[in-house]
K.L.:
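Here it is, the structure in full.
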Protein chains: 2
Amino acid sequence: MKKYARQSKILELINEREIETQEDLAVTLKGMGIDVTQATISRDIKELRLIKVTSNTGKYKYGTIEESQNSISDRLVRIFKNSIISIDAALNIVVIRTIPGAAQICGSAIDSLQMTDVGGTIAGDDTVFVAVRKLESVDEIINNLYALIN
Amino acid sequence: MKKYARQSKILELINEREIETQEDLAVTLKGMGIDVTQATISRDIKELRLIKVTSNTGKYKYGTIEESQNSISDRLVRIFKNSIISIDAALNIVVIRTIPGAAQICGSAIDSLQMTDVGGTIAGDDTVFVAVRKLESVDEIINNLYALIN
DNA sequence: TATATTATTGCATATTTATACACTGTTTTC
DNA sequence: GAAAACAGTGTATAAATATGCAATAATATA
């Protein structure tokens with residue numbers, strides 16, 4: 001039973017190097033004396049719950065969910081950056097204008113940020129209304145949003 | 001520019017249904033009037049940082065890193081369950097016996113749990129030593145480990 | 001110990017995913 | 001406003017991944 005020894009090495013390897021494919025991993029392991037095929041690695045990866053993530057270079061690489069934690073909000077930030085046109089306020093409503101069709105996804109993004117004092121959001125096609133609980137918090141929320149897109 | 005509207009729908013869909021493949025997603029979107037090919041979805045999935053996870057049924061499905069958070073330690077638990085033979089103590093050292101070859105991965109797993117008062121671990125082939133900082137904490141750590149495998 | 005059961009793996013291949021290239025529409029620059 | 005630079009997408013296909021089946025090894029059972 002050398003399954004766990006192999007899986008242990010796999011975890012080690014994906015932390016140390018940029019492993020782009022399962023074949024990659026198979027070759028590397030072979031170089032370390034662990035003889036295994038891509039098929040088995042596919043099964044190992046499923047068991048270990050490894051995921052394919054984009055590395056800094058834009059290439060795909062294997063990683064763990066844990067280490068991808070950080071980049072969770074990267075998605076949201078990217079979406080904001082690319083689709084928000086303006087942020088404004090009308091009393092306790094923050095009004096966000098987006099490029100056409102992007103309001104829904106910006107709304108979900110804001111929801112997922114779970115900012116304090118945000119009561120909820122509603123999105124049309126190119127506009128999001130963010131309901132703020134306290135008038136005093138409006139500025140802070142706007143600042144936070146600006147911070148994200150800069 | 002309907003990219004963001006589409007991506008928004010994609011996020012919605014993978015939360016509502018078990019989307020197994022990109023083709024799956026393409027067909028579903030088509031049914032909703034959003035005409036798109038698998039190639040574009042591949043690109044969307046990269047941008048949205050979606051991942052392929054195993055659903056309850058053992059099948060693959062697409063999901064977000066966020067929602068996979070919970071299952072982080074599932075991997076460790078599974079490994080423990082399958083490879084630990086016994087847990088014992090010698091003064092401030094917790095001694096874990098595993099099936100041959102599995103000690104390394106159990107060691108990493110314990111490290112990643114970041115339990116309080118665990119100074120460090122060292123693993124051979126079928127044995128892990130866990131150095132505990134305080135004698136009083138040994139029992140608690142052993143209990144925690146037992147809890148994991150039951 | 002012999003037999004039955006289960007787990008692990010490779011091989012071959014079907015399925016799935018990523019991408020080079022070309023085309024179109026949009027934005028920027030001069 | 002024309003030219004240039006860029007973003008988004010489909011098509012076709014290369015590349016990568018998952019899996020049915022069969023063989024083998026490990027484990028449990030009688």
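This structure is a prediction, so every number in the text was calculated from the model and none was measured. Chain letters run A, B, ... following the sequence lines, proteins first, then strands; residues in each count from 1. FYI, side chains are in, hydrogens and waters are out, and symmetry mates aren't considered; it's all heavy atoms of this structure.
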K.L.:
Whole angstrom is fine here: how far is it from CD1 in B:Ile19 over to P in C:dT17?
P.N.:
11 Å
K.L.:
Choose from C:dG10, D:dA16, C:dT19 the nucleotide whose nearest atom is closest to any side-chain atom of A:Val36.
P.N.:
C:dG10
K.L.:
Classify the side chain of B:Arg6 and the base of D:dG8 as holding, or not holding, a donor-acceptor pair under 3.5 Å.
P.N.:
no
K.L.:
Is there a donor N/O on one and an acceptor N/O on the other, under 3.5 Å, for the side chain of B:Gln38 and the base of C:dA18?
P.N.:
yes
K.L.:
Can you work out whether B:Asp44 or A:Ile45 has the more 5'-proximal nearest nucleotide on DNA chain D?
P.N.:
B:Asp44
K.L.:
Give the rounded distance in Å between these two atoms: CZ of A:Arg49 and P of D:dA18.
P.N.:
14 Å
K.L.:
If you assign each of A:Thr40 and A:Lys59 to its closest nucleotide in DNA chain C, which residue comes earlier from the 5' end?
P.N.:
A:Thr40
K.L.:
Find the distance between OG1 (B:Thr98) and CZ (B:Phe80) and round it off to the nearest 0.5 Å.
P.N.:
10.5 Å
K.L.:
Would A:Lys9 count as a cation-pi partner of A:Tyr4, with NZ or CZ less than 6.0 Å from the six-membered ring centre and within 45° of the ring normal?
P.N.:
no
K.L.:
Measure the distance from CG on B:Leu50 to C1' on C:dA18 and round it to the nearest whole Å.
P.N.:
15 Å
K.L.:
Atom CD of A:Glu20 and atom P of D:dT17: how far apart are they, to the nearest Å?
P.N.:
10 Å
K.L.:
Nearest whole angstrom, please: distance from the P of C:dA18 to the NZ of B:Lys46.
P.N.:
8 Å
K.L.:
To the side chain of A:Thr37, which of D:dG10, C:dG10, C:dT19 is closest?
P.N.:
C:dG10
K.L.:
Just the rounded figure in Å: distance from P of C:dA7 to CD1 of B:Ile99.
P.N.:
13 Å
K.L.:
Would you mind telling me which of B:Val27, B:Asp24, B:Leu50 makes a side-chain contact (heavy atoms from CB on, under 4.5 Å) with B:Ile19?
P.N.:
B:Asp24
K.L.:
For a quick check of understanding: with a heavy-atom distance under 4.0 Å over all strands, which category does B:Asp24 fall into, base, sugar-phosphate or nothing?
P.N.:
nothing
K.L.:
Around B:Lys134, counting heavy atoms of other residues, nucleotides and ligands shown, do more than 12 lie under 6.0 Å from its NZ?
P.N.:
no
K.L.:
What's the CG-P distance between B:Leu48 and D:dG8, to the nearest Å?
P.N.:
13 Å
K.L.:
Nearest 0.5 Å, what's the SG-CZ distance between A:Cys106 and A:Arg97?
P.N.:
12.0 Å
K.L.:
For A:Asp35, which contact category applies under a 4.0 Å heavy-atom criterion: base, sugar-phosphate, or nothing?
P.N.:
sugar-phosphate
K.L.:
Is there a chain of hydrophobic side chains (I, L, V, M, F, W, Y, each step under 4.5 Å between heavy atoms) that links A:Ile85 to A:Ile105?
P.N.:
yes
K.L.:
So what does A:Lys52 hit on the nucleic acid, given a heavy-atom distance under 4.0 Å: a base, only sugar-phosphate, or nothing?
P.N.:
sugar-phosphate
K.L.:
What nucleotide, of C:dC11, D:dA12, C:dT17, holds the atom closest to the side chain of B:Gln22?
P.N.:
C:dT17
K.L.:
Given that B:Tyr60 and B:Arg43 both sit by DNA chain D, which one's nearest nucleotide is further toward the 5' end?
P.N.:
B:Arg43
K.L.:
Without decimals, in angstroms, what is the distance between A:Tyr4 OH and C:dA7 P?
P.N.:
11 Å
K.L.:
Of all the nucleotides listed (D:dT11, C:dC11, D:dG8), which has the minimum atom distance to the side chain of B:Lys3?
P.N.:
D:dG8
K.L.:
May I ask you to say what B:Ser42 touches in the nucleic acid, namely base, sugar-phosphate or nothing, with a heavy-atom cut-off under 4.0 Å?
P.N.:
base
